[in-house]
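Structure first, then comments.
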Amino acid sequence: MIEQSVSSPPRGGARLPVRAGAGRYLILTVVFICAACGLVYELELVALASYLIGDSVTQASVVLSVMVFAMGVGSLLAKRLRCRAAFGFGLLEAALALLGGSSALVLYASFIWLGESRYALVGFSLAIGVLIGAEIPLLMSLIQRFSRQDAEGTVADLFAADYVGALVGGLAFPFLLLPWLGQLTGALLTGAVNAVAGGGLVLWLFRRDLRPRSRWGLVIVNVLVLALLGTAAVLVDDFERAARRAVYGDQVRVALHTGAQEVVITGGRSGPLELYLDGRLRVSARDEFRYHEALVHPAMRGPHARVLILGGGDGLAAREVLRYRGVREVTVVELDPEVVRLARTDPALRELNGEVYGDGRVRAVYADAFMWLRGAVDAGGVGGRGGRGGPGGGPYDVVISDLPNPGVTASTKLYSEEFYGLATRVLADGGRLAVHAGSPVGERHTYWTVDATLRAAGFGTTPYHATGRPSGFAAGPDRVKDGTPAVSDWGFELAAVGATPRLGLARDAPRLRSLEGAMLVAGARGVERTRVRGLPASTLVHPRYG
C-alpha cells in the first residue's frame, strides 16, 4: 500500500492532517464505535417493544425487518451525499445520536401518555435504520482518501470493524448498559458517544474539506445534540418519577429493577396493595383471593403433604396451601429473589400473604422453574434447600404452576410439552397439577393450546375459570379511568397423569365454573385446526398481547 504523506495532498481533496496509516486507523476506530452504537439502538428498540407491547417474537421481528429494509434504503440515499461525504457523515451521525439516544424516552412517553407506542416504534426503526445504512457508503468514500489503491482490502477492513463493533455493542447492552445505567440513561449515553465519535472525526480529520459555514454548522449541531442529550440525562430521574406516577398513580412505595424484571408496589397504607412485574398488574389486594383460591383449592382435594409451587414468590399461593391440615412441606421455586425478599419484608405484602415465609414448612428456591425441574429429574430426586438447587426429598402430591401469563413469549417454555413432561416426573402417584393458563375468553387460542399441551404430555385435564381482571399493563386499555381493573376472567387447568381429575365445584371452589362443555365445542376444534396446520401441541401460538 502506498501511504500518502502529510505534505502531499491526496487526489480530489484538501491536504489531510495525518499520514495515511494513522487516518485509516482512526476511520476504522470510528466505524467500530458507530457499529457498536447502532446495535445498541437496535437492541434498545427490541427490548422496549417487548416490554411496552408484549409478544417479543412478533415485536423483535417487526423491528429487525423494518430496520434491515431501512438500512438498504439508507445505502441508496447515501449516493447523493458522496460528493460531500465528510459534511454528510457529520450531519448523519448527529441525527443518529439524537434519534437513537432519545428513542427510549420518546417511546416511554408515547406509551404512558398516549397509550400507544407501535407507530412510534416503527417510525424510530425506519429512521434509525436509514441512518445506519448510510454510514458505510459514506465511510467508504472517506477512507478511500487514504487508500485509493486497495479497494478490496478497504472494504474488508470496514466490514471487519463494523462486525466487531456490533459484537461489542451487543454484549455491552445486556451486561453493562442495562444493569448499570438502565434503558433510558444507557440510550442517552450511547447517543453522546455516537455524536462525539462522528463529529470528532469530521471536524478534526476532514476539517480542511469543509467550508467555514459547513464547519461551524456541524459544530453548532453537535453541541446542540450533546446539550439535549445531557439535559435529558440530568432530568431522566424526574421523567421516570413522572412516568411512574402516570402509570401507577401517586402511591408508589417500592420501585426497583432486579436482574430479572422491574418490580413496583403501590398502596398498602392508604389503599389496596398492588404488585406490578414489568408493568403488568400481577397482584391486587382487591381480588387476588379469587385468583389464588381458584388456582390452589381444586388441586388440594386429595393427598397434599408435599406441595411444589412454581413461581408464586409473593407467597400468596403458599398462603392458600397452608390453610390445609396435613401439609408438611411447601417448596416455592421463584426466579427473582427480590420478589421473595419483598414478600418477607414489605409490611403490606407480608400481611397479605400471612407471613408464610416465617412458617418452617415453607422454603424458597431461587431458580428458573424449567431448569430446576430438569435438574431435579436428572439428579434422581426433587429438592434444593436454602435457595440452592440439588437433589433431595421425593415426589410431590401437588404441583401449583403460578407462572407468568402464557401470552408473554418469554414464558413459552414454561407451558411446553417438555415442561409438563418434567412435571409428571416429580408428581406422586395420583398427584395433581394446577396451571394458570390465561383467559379462555380474551386469549382463547392460547388457553386451549395449553390444554392440548397438557394432554400431549400425558395428563388428563379439567379446564375451569373464575371471574377476575385481565393481567395487562398498568396503563393499558384494560384499566378504566379511576384505576379500577376491568372485569374479565382467569383460566385454569386441573390435571392428573393418566386420569381426568374432578373439580368438586360445589364443595371446594364455589366461585369456579367448569369449561368442560365449552372445551368439547370450541377448544377441541381449535386444537384440531392447530394440528392440521402442522404445529405440535407444545407450540404456543401467541395472540397480540398487552
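Excluded from the calculations below are hydrogen atoms, water molecules and symmetry mates; all remaining heavy atoms, backbone and side chain alike, are included.
A salt bridge (Lys or Arg N to Asp or Glu O under 4.0 Å) check over residues 228-242, counting only residues at least two apart or in different chains, returns the pairs D238-R241.
Taken from CD1 in I132 to CE in M67, the straight-line distance is 4.0 Å, to the nearest 0.5 Å. Rounded to the nearest 0.5 Å, atoms CG (L373) and CG (D368) are 9.0 Å apart. Q261 contributes atom CD, which lies 4.5 Å from atom CG of D336 (distance to the nearest 0.5 angstrom).
The two residues I309 and G312 make their nearest non-hydrogen contact at CG2-CA, 4.4 Å. Shown here for F173 and A47, the closest heavy-atom pair between the two residues is CZ-CB, 4.1 Å. L210 approaches A86 most closely through the heavy-atom pair CD2-CB, 4.2 Å. Considering all non-hydrogen atoms of both residues, A243 and I112 come closest at CB-CD1, 3.2 Å. Closest non-hydrogen pair, L131 versus A95, comes out as CD1-C, 3.9 Å. The two residues V225 and A97 make their nearest non-hydrogen contact at CG1-CB, 4.1 Å.
A salt bridge is absent between D209 and R84; no separation between the charged side-chain nitrogens and carboxylate oxygens falls under 4.0 Å. Look at R341 and D346 and you find no salt bridge, because none of the NZ, NE, NH1 or NH2 atoms lies under 4.0 Å from a carboxylate O.
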Check: residues 75-83 side-chain donor-acceptor pairs under 3.5 Å, at least two apart:
from, atom 1, to, atom 2, distance (Å)
S75, OG, M71, O, 3.1
S75, OG, G133, O, 2.9
R82, NE, S141, OG, 3.1

Under 3.5 Å, sequence neighbours excluded: what are the donor-acceptor pairs made by side chains of residues 179-198?
from, atom 1, to, atom 2, distance (Å)
Q183, OE1, Y108, OH, 2.7
T190, OG1, G186, O, 2.8
N194, OD1, Y41, OH, 3.1
N194, ND2, E93, OE1, 2.5

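Enclosure of atom CZ in F239 by more than 12 non-hydrogen atoms of other residues, nucleotides or ligands within 6.0 angstrom is indicated. More than 12 heavy atoms of other residues, nucleotides or ligands lie within 6.0 Å of CH2 in W204, so this atom counts as buried by the packing criterion.
Ring geometry for Y415 against Y420 counts as perpendicular: the plane angle is over 60°, on a 0 to 90° scale with 30° as the lower cut.
Residues I27 and F206 form a side-chain contact, since some pair of their non-hydrogen atoms from C-beta on lies under 4.5 Å apart. Between C37 and I33, the closest side-chain pair of non-hydrogen atoms falls below 4.5 Å. Looking only at side-chain heavy atoms (C-beta outward), R211 and F87 stay at 4.5 Å or farther from each other. Residues W372 and V377 are not in side-chain contact: their nearest non-hydrogen atoms beyond the backbone lie 4.5 Å or more apart. Side-chain contact between L281 and E274 is present, with at least one heavy-atom pair separated by less than 4.5 Å.
Side-chain atoms of R207 do not come within 3.5 Å of backbone N or O of V202 as any donor-acceptor pair. Using modelled atom types, one side-chain atom of S416 and one backbone atom of K413 make a donor-acceptor pair closer than 3.5 Å.
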